[in-house]
Amino acid sequence: MTGRLEGEIALVTGAAGGLGSAVVRRYLAEGAKVVAADLRPGPLKELAEALGSPAELVTVAGDASDWETSKEMVEAAHRAFGQISVYTSCVGVYDHNVQFSEIAGDQLGAALLECWRINVGSVLVNLRAVLDDLAATRGRAVLTGSYAAHAPGGGGVLYTSSKHALLGVVKQLAHELAPKVRVNAVSPGVLPTVMTGLGTLGQGAKDAVLPGTEQALPLRQIPTGDELAGLYVTLASASDTAAVTGTVLVADSGLLTRGLGSPSGGDEL
Ligand SMILES: NC(=O)c1ccc[n+]([C@@H]2O[C@H](COP(=O)([O-])OP(=O)(O)OC[C@H]3O[C@@H](n4cnc5c(N)ncnc54)[C@H](O)[C@@H]3O)[C@@H](O)[C@H]2O)c1
C-alpha cells in the first residue's frame, strides 16, 4: 500500500518540537520527502539521527520568522528534492499564561512583537517564500492553531491574540490563494510538551501541561503529538481533503464543549 503523501515534498517548521517532530515522522512514514526546519540545531540533529538520517529528510537550522532563513528553506528543498507541495508550521512560543496586569507597561510592546513575530510572522514570511512552489503544485498549507485560537483561558493575552490572528491568516489566505493553494489548520488543546516562553519577559521553557489538566478535559485524555499527526496528514493530502480550505480541525480533547458543572455534559456514563 502506498503512503498518503507519496510524491509530496513537505517543509515542516518547528520540526524539532514535540508536535513538529511527530509530524515529520508521520509525513516520512506516509511517503513524503521532508525539509525539517527549526531554530534549535541540536534537537533537529537528534531528530534526524533518531530517524536514521534517511535520504528523504534534510534539515535547516534558523529563525523561521526571518526572510533570509525562509528563502534558505526553500532553496534546500530545491537542491535536495524539487518544488515544495506542502507547507506545515508547528512553530510556536507560549506566554506561559502570564496575566495582562503582570506585564510591565514598558515590556508590553517588545513581548507582543516577539510573540506575534514567531507565532504569526513566521507563517507569513515562510508562506511568501514558498508561494510560487505551492501555486505550481496546487499545494497545501497546514498551520497550527490552538484552543487559544478559539476561546480565552488557554494562555495569556499575548498568546491568545496571536493564535486568534493565526485563524485570520488561515481564512484570508484560503480566500486569496484559491484555487491553487489550500490553507487549513489544526488546533490542539493540550500537548505534553515543554514550550519555550517569551525571552522579552525573561520566561524560560516550561511544561505546557498544568497539574490537574487531564481531569478538566471532557475526554480526560491528553494526546501525544503522534496522536495528532494524522490530522496534519489528512489536511496535507492532495486527495483526502480536496474540497477543504479555510477550516480548522479542533483537536482539544473536548475543551470547547466544556460545561459549567462537570467537564463533560452530565454524569459520567
Ligand atoms: N503544547 C501545547 O499544549 C499546545 C497546545 C496548543 C497549541 N500548541 C501549538 O502547537 C505548536 C507546537 O508546539 P509544541 O507543543 O510542539 O511546542 P515545542 O516548543 O515543543 O515546539 C515548538 C518548536 O518551535 C521552534 N521554534 C520556536 N521559535 C522558532 C523560530 N523563531 N524559528 C524556528 N523554530 C522556532 C522551537 O525550537 C520548537 O522546536 C505551537 O504552534 C503551539 O503554539 C501547543
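- In this structure, the side chain of D95 engages the main chain of G156 through a donor-acceptor pair within 3.5 Å.
- In terms of hydrophobic clustering, with Ile, Leu, Val, Met, Phe, Trp and Tyr side chains grouped at heavy-atom distances under 4.5 Å, V98 and V157 are assigned to a common cluster.
- Side-chain atoms of E176 do not come within 3.5 Å of backbone N or O of A174 as any donor-acceptor pair.
- Side chain of N119 to backbone of L166: no donor-acceptor contact under 3.5 angstrom is found.
- Around NZ of K163, the count of heavy atoms belonging to other residues, nucleotides or ligands within 6.0 Å exceeds 12.
- Residues V125 and D66 have side chains not in contact (no heavy-atom distance under 4.5 Å, counting atoms from C-beta outward).
- Scanning all heavy atoms of the two residues, the minimum distance from L167 to V248 falls at CD2-CG2, 3.5 Å.
- Scanning all heavy atoms of the two residues, the minimum distance from V93 to C115 falls at CG2-CA, 4.2 Å.
- Each of V58, V130, V60 was checked for a side chain to side chain contact (heavy atoms under 4.5 Å, CB included) with M73, and the lone residue meeting it is V60.
- Taking the side chain as every heavy atom from C-beta outward, L127 and L134 approach each other to under 4.5 Å.
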- prompt: Can you list the steps and then say if E8 with S85 is a side chain to side chain donor-acceptor pair (under 3.5 Å)?
  reply: CA-CA 6 Å; E8 306 290 353; S85 55; 2.6 Å; yes

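- With rounding to the nearest 0.5 angstrom, the CD atom of E68 is 12.0 Å from the CG atom of D63.
- Residues passing the side chain to side chain contact (heavy atoms under 4.5 Å, CB included) test with E75, sequence neighbours excluded: K71, R79.
- Put simply, the side chain of S162 gets close to the backbone of Y159: a donor and an acceptor are under 3.5 Å apart.
- Counting only heavy atoms from C-beta outward, the side chains of L201 and L158 approach each other to under 4.5 Å.
- Here the shortest heavy-atom pairing between V91 and G14 reads CG2-N, 3.3 Å.
- The CG atom of N126 lies 9.0 Å from the CG atom of L124; values are rounded to the nearest 0.5 Å.
- Between Y87 and the choices V12, V35, L131, T13, the side chain to side chain contact (heavy atoms under 4.5 Å, CB included) rule is met once, by T13.
- Taking a cutoff of 4.0 Å between a charged side-chain nitrogen and a carboxylate oxygen, D240 and R140 do not qualify as a salt bridge.
- V170 and V142 fall into different hydrophobic clusters, defined by Ile, Leu, Val, Met, Phe, Trp and Tyr side-chain heavy atoms under 4.5 Å apart, directly or through other members.
- A single hydrophobic cluster is seen to contain both V123 and L173, as judged by linkage of ILVMFWY side chains at heavy-atom distances under 4.5 Å, directly or through other members.
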Criterion side chain to side chain contact (heavy atoms under 4.5 Å, CB included) on L210 and V190, from CA distance to verdict: CA-CA 9 Å; L210 299 173; V190 190; over 6 Å; no

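- Put simply, the side chain of T245 gets close to the backbone of V183: a donor and an acceptor are under 3.5 Å apart.
- Judged by distance alone, with hydrogens and angles left aside, the side-chain atoms of T144 form a donor-acceptor pair with the main-chain N or O of S89 at under 3.5 Å.
- Side-chain atoms of T234 come within 3.5 Å of backbone atoms of G230 as a donor-acceptor pair (strictly under, hydrogens ignored).
- Here D133 contributes atom CG and L11 contributes atom CG; the two are 9.5 Å apart, rounded to the nearest 0.5 Å.
- When all heavy atoms of L112 and S161 are compared, the closest pair comes out as CD1-OG, 4.4 Å.
- Under the 4.5 Å side-chain contact rule for hydrophobic residues, V250 and L217 share a cluster.
- Partners of A104 according to the side chain to side chain contact (heavy atoms under 4.5 Å, CB included) rule, which considers only residues two or more places apart in sequence or in another chain, are D106, Q107.
- In this structure, the salt bridge (charged side-chain N to carboxylate O under 4.0 Å, His left out) partners of K45, at least two apart in sequence or on a different chain, are E49.
- Using a 4.5 Å heavy-atom cutoff, the side chains of V209 and E214 are not in contact.
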Using a 3.5 Å cut-off and no angle test, enumerate the donor-acceptor pairs between side-chain atoms of residues 15-29 and protein atoms at least two apart in sequence or in another chain.
| from | atom 1 | to | atom 2 | distance (Å) |
| --- | --- | --- | --- | --- |
| S21 | OG | G17 | O | 2.6 |
| S21 | OG | G18 | O | 3.3 |
| R25 | NH2 | D226 | OD1 | 3.2 |
| R26 | NE | E30 | OE2 | 3.4 |
| Y27 | OH | T88 | OG1 | 2.8 |

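- Counting only heavy atoms from C-beta outward, the side chains of L108 and F100 approach each other to under 4.5 Å.
- F81 is not connected to L51 by any chain of hydrophobic side-chain contacts under 4.5 Å among Ile, Leu, Val, Met, Phe, Trp and Tyr, and they are in different clusters.
- The closest side-chain heavy-atom distance from K206 to Y94 is not below 4.5 Å.
- Summarising the geometry of L57 relative to A36, their closest heavy-atom pair is CD1-CB, 3.9 Å, with the distance given to 0.1 Å.
- Scanning both residues, T59 and A48, for their nearest heavy atoms gives CG2-CB, 4.2 Å.
- Residues forming a side chain to side chain contact (heavy atoms under 4.5 Å, CB included) with A151 (at least two apart in sequence, or on another chain): Y147, L256.
- Within the 4.5 Å cutoff, no side-chain heavy atoms of I84 are placed close to those of T137.
- Residue pairs that meet the side-chain hydrogen bond (donor to acceptor under 3.5 Å, both in side chains) test with at least one member in residues 183-201, sequence neighbours left out, are E114-T200, H150-S187, N184-T247.
- Taken to the nearest 0.5 Å, the CG atom of D207 stands 12.0 Å off from the CG atom of L191.
- Under the 3.5 Å distance criterion, the side-chain polar atoms of H175 are left unmatched by any main-chain donor or acceptor of K171.
- The main-chain N or O of S65 is never found under 3.5 Å from a side-chain atom of R117 such that the two would form a donor-acceptor pair.
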